[in-house]
Amino acid sequence: MRISITTLGCKVNAYESNYYAQQLQEHGFKVVNSDEKADLCIINTCTVTNTAASKSRQKIHALKKRNPNALIVVVGCYAQNATREQREELKADLIIGAKYKNQLVSLIQSLIEEHQAKDLVGDISDFTQFEEMPIHVFESKHRAFLKIEDGCNQFCTYCAIPYARGPQRSLRFEQVVSIAKELAQKGHREIVLTGIHTGRYYDQGKTLSDLLKVLLEEVDENVYFRISSIEITEVDDALIDLMKHHKQLCHHLHIPVQSGCNKTLKRMNRPYTIEEFIARLDQIRKEIPDISISTDVICGFVQESDEEFQTTLKNMERCSFSFMHVFPYSKRNGTKASTMKGEIHGSVVKERVAQLLKLSSQLRYKDMMRFSPLEVLIEKQDPSGVYHGYSSQYHPVQIYSEKSLTGRIHCRWDRIENNVYIVNQKEGCLCD
């Protein structure tokens, strides 16, 4: 049976789709690309904005039109956040929200045998147990992802994720360590700990720092670890100390700031002032001078005045991020921000986004100039023979080499081009 998987939204959705694909293949299904004909179509949906929700609905309808006889399975955040009437309008054969994701294959098998449509979306507040979805091997065998947390309790005013994924819950401590060891044994050289709110990992009294300490002690020392994203309030002294003394914990943190203006941060319900944020950045950099810190910024949030934006722009430069992911604010029905008056005109938002992206490019170049030689994890070789990877500080690298490269290497870059390190093979450029 041919099954396609279409993924919308975040990296956690991508992780979960990867899990679905592996499970389906293990049970004898053939997983095909989403643009191919299929007997069953899975759509892993997103609901972070009204636009994302609309794209989820459009994708469902497009796949039904392309595969008129196929079974349709809708899973994920849009499914969980949609009303019963909205879910009925999808005319899907199986709908799964935030729960039962790790039972997707058995539910599909039941659907095929029974030909009985099911809507399994339940009350989000009831989801208190972490559903294990371990991926035991990744195709590239270089970088692996390990989902250790799900859900969010923060309730930022612009965000629908707490309503779509439910309260915070974490993978069992022993299970995280076990999966990490297995990934290491199968040849993966970097493991990214990921989740919706990864920094809030908590199990049996153990925090994220406690978990990383054990991983660094018990997993092969050649395996490095990354944290996908973490809030500034969760970068505790224990984590800083671990990063300071263990090169296996990559010296890069992605810390969302969302705005550089206190008035905007307050409307967003973010748990810090920009002064507190900057003070903590300064402390992190004092302890770990070679760390790179990237961020997320929302541009054009409700009521963001020209003065507020200029304050944000100034403070983003002061923060000296290694790069910024810049998002234009997009309304999401059901969030507190969706009821606020004072939406910013699209043309104004577009101009502000452009200014922040220009600054991001300047900051990335400045940060990249700080490092040589580089420690690079080789991830792939493209058809033209160029090797691609990322430095420990998560800057992209392209290596032109006639020598076969694999794993983690040290090299000296030749130039920076379009915010990418370019390494040309020459005497002394490849240190390993």
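In terms of modelled atom types and a separation under 3.5 Å, the side chain of S56 and the main chain of C46 share a donor-acceptor contact. Judged by distance alone, with hydrogens and angles left aside, the side-chain atoms of R87 form a donor-acceptor pair with the main-chain N or O of A82 at under 3.5 Å. Here the side chain of T295 pairs a donor or acceptor atom with the backbone of I255 at under 3.5 angstrom. Judged purely by atom type and a 3.5 angstrom limit, R66 uses its side chain to pair as donor or acceptor with the backbone of S34. Put simply, the side chain of N50 gets close to the backbone of N333: a donor and an acceptor are under 3.5 Å apart. Looking only at distances, a side-chain donor or acceptor of Q168 sits under 3.5 Å from a matching main-chain atom of N153.
Ionic pairing of R270 and E231 is present here: one or more N-O contacts between side-chain nitrogen and carboxylate oxygen are shorter than 4.0 angstrom. A salt bridge links E190 to R408: one of the charged nitrogens lies within less than 4.0 Å of a carboxylate oxygen. Ion pairing between R169 and E149 fails under the 4.0 Å rule for side-chain N and carboxylate O. Between R172 and D203 there is no salt bridge, since no side-chain N of the basic residue sits under 4.0 Å from a carboxylate O of the acidic one. Salt-bridge formation is not detected for the pair K99/E131: no Lys NZ or Arg NE/NH1/NH2 atom is positioned less than 4.0 Å from an Asp or Glu carboxylate oxygen. Classification of D290 and K247 as a salt-bridged pair fails, no side-chain N sitting under 4.0 Å from a carboxylate O.
Taking each heavy atom of Q22 and H136 in turn, the nearest pair found is OE1-N, 4.0 Å. The heavy-atom pair separating I399 from V397 by the smallest distance is CG1-CG1, 3.8 Å. Closest heavy-atom contact between N67 and A38: OD1-N, 2.9 Å. Of all heavy-atom pairs between V121 and A79, the closest is CG2-O, 3.7 Å. Across every non-hydrogen atom of A184 and V223, the tightest pair is CB-CG2, 3.6 Å. Of all non-hydrogen atoms in Y15 and M133, the two that sit nearest each other are OH-O, 2.8 Å.
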* Step by step, would you call Y387 with Y400 a ring pair (Phe, Tyr, Trp, His ring centres under 6.0 Å)? -> CA-CA 7 Å; Y387 291 93; Y400 295 78; 9.7 Å; no
* To do: In sequence, state the C-alpha distance, the side-chain angles, and the governing distance for E304 and R352, and then conclude on salt bridge (charged side-chain N to carboxylate O under 4.0 Å, His left out).
  => CA-CA 11 Å; E304 184 185 63; R352 291 176 182 175; 2.9 Å; yes
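For the atom pair C41 SG and L71 CG, the distance stands at 9.0 Å (nearest 0.5 Å). Rounded to the nearest 0.5 angstrom, N13 CG and T6 OG1 are separated by 12.0 Å. Rounding to the nearest 0.5 Å places CG of L120 at 9.0 Å from CD of Q103. Atoms CG and CG, from L193 and L211 in turn, are 6.0 Å apart once rounded to the nearest 0.5 Å. Taken from CE in M368 to OG in S322, the straight-line distance is 10.0 Å, to the nearest 0.5 Å. Put simply, CD1 on I274 and NZ on K314 are 12.0 Å apart, with the number rounded to the nearest 0.5 Å.
In this structure, the side chains of T194 and I148 stay at 4.5 Å or more apart for every pair of heavy atoms. L281 is listed as a side-chain neighbour of I293, based on a closest heavy-atom distance under 4.5 Å. Taking 4.5 Å as the limit, some side-chain heavy atom of F138 sits within range of a side-chain heavy atom of L183. Contact check for S229 versus P256: side-chain heavy atoms found under the 4.5 Å cut-off. Within the 4.5 Å cutoff, the side chain of C319 has heavy atoms near those of the I278 side chain. Counting heavy atoms from C-beta outward, V353 and V326 have side chains that approach closer than 4.5 Å. Between M324 and L359, the closest side-chain pair of non-hydrogen atoms falls below 4.5 Å. The shortest side-chain heavy-atom distance between T45 and V75 does not fall under the 4.5 Å cut-off.
Annotation: cation-pi geometry satisfied between R364 and F323 (NZ/CZ under 6.0 angstrom from ring centroid, within 45° of ring axis).
For Y20, there are no ring-ring contact (aromatic ring centres under 6.0 Å, His included) partners two or more places apart in sequence or in a different chain. For the side chain to side chain donor-acceptor pair (under 3.5 Å) test, no residue two or more places apart in sequence or in another chain qualifies with N269. Listed by chain and residue number, Y272 satisfy the ring-ring contact (aromatic ring centres under 6.0 Å, His included) test with F277 (two or more places apart in sequence, or in another chain). K244 pairs by the salt bridge (Lys or Arg N to Asp or Glu O under 4.0 Å) definition with E287, not counting sequence neighbours. Residues that satisfy the side chain to side chain donor-acceptor pair (under 3.5 Å) test with E217, not counting sequence neighbours, are K213. With sequence neighbours left out, N262 forms a side chain to side chain donor-acceptor pair (under 3.5 Å) with E275. In this structure E16 satisfies the salt bridge (Lys or Arg N to Asp or Glu O under 4.0 Å) test together with K101, K147, R165, sequence neighbours excluded. Every residue two or more places apart in sequence or in another chain was checked for a salt bridge (Lys or Arg N to Asp or Glu O under 4.0 Å) with D210, and none qualifies. Remark: D237 engages R280 in a salt bridge (Lys or Arg N to Asp or Glu O under 4.0 Å) (not counting sequence neighbours). For Y329, the ring-ring contact (aromatic ring centres under 6.0 Å, His included) partners two or more places apart in sequence, or in a different chain, are F301. A search for ring-ring contact (aromatic ring centres under 6.0 Å, His included) contacts involving Y202 returns nothing, not counting sequence neighbours.
Taking the six-membered ring where the residue is Trp, the centroids of Y421 and F371 are separated by 6.0 Å or more.
Every pair passing ring-ring contact (aromatic ring centres under 6.0 Å, His included) that includes a residue from residues 221-252 is listed here, sequence neighbours excluded: H252-Y394.
Side-chain atoms of Q204 and E174 form a donor-acceptor pair, as typed in the model, at a separation below 3.5 Å.
Shown are Q303, K263, R267; of these, the side-chain hydrogen bond (donor to acceptor under 3.5 Å, both in side chains) with E308 is made only by R267.
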